[in-house]
Amino acid sequence: MFEELSQRFEAAAKSLRGQDKISETNIETALKDVRRALLAADVSLSVVKPFLVTVREQALGAEVVRGVSPDQQFIKLVHEALVEVMGGANVPLNRAPSGPSIILLAGLQGAGKTTAAAKMGLHLKEKRLRPLLVAADVYRPAAIDQLHTLGSQIGVDVFSLGSDERPETIASAGVSKAREEGFDAVLVDTAGRLQIDGEMMAEMVRIRSATNPHEVLLVVDAMIGQEAAVLTRAFHEQVGITGAVLTKLDGDSRGGAALSIRQVSGAPIKFIGTGEKVEALQPFHPERMASRILGMGDVLTLVEKATKEVKVADMEKMQKKLMEARFDFADFLQQMRLIKRMGSLGSLMKMIPGMAKIDDGLLRQGEAQVKRVEAMISSMTEAERKQPHLLAASPGRRRRIAVGSGHSAAQVDKMLADFQRMGSLMQKMSRGGFPGGPGGGFPGMPPSGPGGGPVLPQPSRAGTGGRGKGGMAAHARPKAGRKRKGFADL
């Protein structure tokens, strides 16, 4: 999402290029483009008007900074205004002073409340807390079974009393169980409707009274656009919300909901769902989201994803193998699967500054290539994965891999040649060389080996064998004596 919004903001900034400074004349043209961008993104009109007033006042009152062009200054001001509209800073979950923290999830049917409950349960579990999921949606067919299934997948307990009990009775009993058995948090999944109605609101009020929650989180589908403002206002006025969870941010939504919720209700967005997998939940950081909207990337979230998936010991081991040119196909497959756990190639690339404009067609080609390589490696024997040089001398092995993976022999040969170039590059870098210089490197390819296949790097223990002073491992060691995290860290 946000691609169209990013392009329109860039067009607004372009209108200021070549100007000496921001003036009342040229700022109006840029603000008209911003207004069109926000309205096209389904941002509520009640949010757009004060946003434009803020940017205009700050732009005209800003001091001219030497070396900063008007378009750069304008982007900076828009970034600051976006951050402010979305809440200013990350707001953690409210924590109970004693006993379990009770979190009530509300929203319309189809917004993803049940999945969001499971995602938050996994998030809390990863923070070394013990959550309990409570199935209080007694109307939607299979809602209770869905929560039990998700709970078993992530290893989180689920409490239910079937579909014959009243939702407030189930929620109250779940809270009592959590208190008795020492759970750290209770996540109550409630029923929704296709649209806002009095019966749903009355039920939510009863559940709130029965549980006295520390958080009432409104689960909002990012695809609903301007309706997000109406939905948020209705729930806030009748039930009272303390925050929101924005789901389906990986879809084709225009992003208006992210810019409307905080301004309409005063309640912060606390989490965003970025995919269908149970792991696809992130704490919401307004400054990071503003950077993504403006095409600046989101390096901090990318680093957090990598840190979450990669163990320090595994990273040090892999670094050593790379430096000693002992990196094999089994390691390559492991790294590709690691990247897939972090998210799609497109979502990861667009978190890197300067890569937001990368063509979606190229990203799709890249993802297709990753799948092809994974299929080829999966068709290898364990010995071939561990000893890549076996393939260089055996056209028969390469033909078998091509047939087994459903690809041509030429595609297999190209994959092997690419792997060899990577090995040569890593080995040269470990000696302090530079790709493309004397002695080979990435641009060139060594001559073919026996049977017409590529000469793959031989397993060798020669090399530096150590970690450089500025290597990854030097920055990745965990700090001693870290305290257990609580809700304030989430």
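Side chains included, hydrogens not; waters and symmetry mates left out as well; all remaining heavy atoms used.
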Between [atom1] on residue [X] and [atom2] on residue [Y], distance to nearest 0.5 Å:
X: Leu108; Y: Met200; atom1: CG; atom2: CE; result: 5.5 Å
X: Leu246; Y: Gln282; atom1: CG; atom2: CD; result: 11.5 Å
X: Leu122; Y: Met120; atom1: CG; atom2: CE; result: 11.5 Å
X: Leu133; Y: Phe159; atom1: CG; atom2: CZ; result: 12.5 Å
X: Leu38; Y: Leu52; atom1: CG; atom2: CG; result: 6.5 Å
X: Lys113; Y: Leu217; atom1: NZ; atom2: CG; result: 12.5 Å

Examine distances only and state if a side-chain atom of [X] and a backbone atom of [Y] form a donor-acceptor pair shorter than 3.5 Å.
X: Lys125; Y: Ile154; value: yes
X: Thr247; Y: Val220; value: yes
X: His214; Y: Ile102; value: yes
X: Ser101; Y: Ala96; value: yes
X: Thr169; Y: Glu165; value: no

Who are the salt bridge (charged side-chain N to carboxylate O under 4.0 Å, His left out) partners of [X], not counting sequence neighbours?
X: Glu28; value: Arg56
X: Glu181; value: Lys177
X: Arg36; value: Asp33
X: Glu168; value: Arg166, Arg206

State, to 0.1 Å, how close [X] and [Y] come at their nearest heavy-atom pair, and which atoms those are.
X: Ala171; Y: Val188; value: CB-CG1, 4.0 Å
X: Val83; Y: Ala290; value: CG2-CB, 3.6 Å
X: Ile170; Y: Ala136; value: CG2-CA, 4.3 Å
X: Pro100; Y: Ala185; value: CB-N, 4.1 Å
X: Ala234; Y: Ile196; value: CB-CD1, 3.5 Å
X: Phe74; Y: Ala30; value: CZ-CB, 3.9 Å

Do [X] and [Y] have side-chain heavy atoms sitting under 4.5 Å apart?
X: Phe51; Y: Leu82; result: yes
X: Met86; Y: Glu287; result: no
X: Phe271; Y: Lys119; result: no

Using side chain to side chain contact (heavy atoms under 4.5 Å, CB included) as the criterion, point out the one residue from Val239, Leu187, Thr242, Thr190 that pairs with Leu104.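 Answer after filtering Val239, Leu187, Thr242, Thr190: Thr190.
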Arg140: side-chain contact (heavy atoms from CB on, under 4.5 Å) partners, not counting sequence neighbours: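 For Arg140, the residues satisfying side-chain contact (heavy atoms from CB on, under 4.5 Å) (neighbours in sequence not counted) are Gln109, Thr114, Asp137, Ala143, Gln146.
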Identify whether the distance between the nearest side-chain nitrogen and carboxylate oxygen of Asp184 and Arg130 falls below 4.0 Å.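 Looking at Asp184 and Arg130, the cut-off is not met.
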May I have the step-by-step check of salt bridge (charged side-chain N to carboxylate O under 4.0 Å, His left out) for Lys248 and Asp221, ending in yes or no? CA-CA 6 Å; Lys248 305 179 186 178; Asp221 183 344; 3.1 Å; yes
Per the side chain to side chain donor-acceptor pair (under 3.5 Å) rule, what does the pair list look like for residues 151-164, sequence neighbours excluded?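 For residues 151-164: His148-Ser160.
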